[in-house]
Amino acid sequence: MALKYIDEAKIAGQKVIARFDFNVPIKNGKITDTTRVDSALPTIKYILDQGASKLIMMSHLGRPDGQINPKYSLNLVATYLAEKLGQDVVLTETAIDSSVKGIINLPKHKIILLENVRFHSEEEDNGADFAKTLASYGDIYVNDAFGTSHRKHASVYGITQFFKNNSYGGFLLKQEVVALMKITDNPTRPFMAIVGGAKIADKIKTLERLLVNVDALFIGGAMAYPFLKAQGKKVGKSLCSDGDYDLAKKILAQNSSSKIVLPIDHIIANSPEAAAGAVEVCKSVDIPDDMIGFDIGPETIKLYQQKLSAAKTVFWNGPMGMFENENFAKGTFEVARALANLNAFTLVGGGDSVSAVNKSGVASKISHISTGGGASLEFIEQGQLPGIQALKFGI
Ligand code: AMP
């Protein structure tokens with residue numbers, strides 16, 4: 001069965017229960033970045049425009065660990081949504097208390113937001129009764145929470161068993177799946193990937209999967225040092241755990257490792273707090289014993305730009321250096337610019353690379369920026385996600 005999207009659903013007169021990712025950052029009682037809610041609006045508006053009798057929305061916010069905690073209430077989201085939609089949005093006291101059904105059944109309430117589903121441990125435990133209660137609120141189920149779809153949680157996974165032929169992906173989920181499939185299913189070649197960041201252990205499966213598929217894999221950031229060390233190069237005091245070194249060695253032992261491109265020079269300092277004047281270019285691939293690599297060097301930038309210029313598909317995850325510090329941001333920003341200038345399908349996924357692309361000012365020139373860091377990496381590893389698979393086949 002193919003994955004059905006919401007534009008195939010008969011919505012008029014139906015109660016729609018939909019899972020979104022409204023996990024927004026909140027500071028001093030204000031939402032500091034509304035992107036996640038804004039990205040859900042096309043699906044929300046479509047459901048309302050198509051004449052749903054009720055829209056019941058679900059989301060998590062933060063990590064309340066199964067406890068009711070006002071700090072993680074969705075109340076600010078409810079207020080923001082009401083403002084954006086120009087209609088009342090009723091927030092329930094909890095997602096499953098006895099008053100919820102009454103609220104849904106009151107004719108005057110059309111748009112209902114269930115309070116944080118993670119106030120109940122059954123959400124993350126994929127509790128069957130919890131999923132059944134959530135399912136009882138609607139006739140049709142919609143998942144537009146791509147960023148949570150790698151989790152087998154009740155509101156994304158367990159709930160689908162109660163909507164065998166009535167589960168649909170929302171527009172945001174569709175956008176993500178269509179974009180990611182351009183990477184996982186016959187990418188236009190040459191297909192190149194850039195992986196950076198700090199920890200190989202977190203990305204080992206993605207690296208291995210990518211190596212099978214790509215024509216070239218560029219490594220940058222702290223991720224590069226275990227590889228360089230495994231090749232017998234000197235990495236000074238750069239970040240390089242024994243575990244990551246072992247993983248790098250394992251990857252380099254594979255035939256496909258010939259596709260890996262590593263830095264040939266570096267930006268170094270003796271501490272991340274070093275003043276700009278104490279930051280040096282290390283022209284050699286070997287880093288002096290008492291120094292730390294914090295960014296890729298100018299020759300590496302040139303090399304990566306030149307090789308990337310042939311690419312027709314590019315996936316990027318993880319910064320090329322400690323880009324939060326402006327002394328070490330150039331490699332990341334230059335790679336972002338290189339991607340922006342390509343005549344290719346470019347996809348950036350993963351929290352830090354997304355903020356790096358935003359900071360570099362070229363976000364609008366990237367073909368697709370994934371909203372789900374962990375989910376996009378897992379999609380690339382597996383070619384699928386549990387929450388999306390469940391939409392297709394049920395569980
Ligand atoms: P990740 O979450 O694995 O994508 O890692 C992102 C983090 O890696 C960012 O906070 C960067 O500052 C950090 N990072 C990247 N390169 C380096 C480096 N050479 N040394 C220390 N931290 C780095």
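Counting starts at 1 for both ligands and their atoms, in listed order. Throughout, residue positions are numbered sequentially from 1 according to the sequence presented.
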> Considering residues at least two apart in sequence or located in another chain, which fulfil the salt bridge (Lys or Arg N to Asp or Glu O under 4.0 Å) criterion with K249?
Replying inline: none

>> Can you tell me how the ring of Y46 sits relative to the ring of F171, calling it parallel under 30°, perpendicular over 60° and tilted otherwise?
In response: perpendicular

> Between H120 and F130, is the gap from one ring center to the other below 6.0 Å?
Replying inline: yes

>> Going by salt bridge (Lys or Arg N to Asp or Glu O under 4.0 Å), name the residues that satisfy it together with D33, two or more places apart in sequence or in a different chain.
In response: none

>> For the residue pair E123 / S155, report whether a side-chain donor-acceptor contact shorter than 3.5 Å exists.
In response: yes

> Using a side-chain heavy atom cutoff under 4.5 Å and only I, L, V, M, F, W and Y, what cluster partners does V212 have?
Replying inline: none

>> I'd like the contact residues of ligand 1, where contact means a heavy atom below 4.0 Å.
In response: G197, A198, K199, K203, G221, A222, Y225, G293, F294, G318, P319, G321, M322, E324, D352

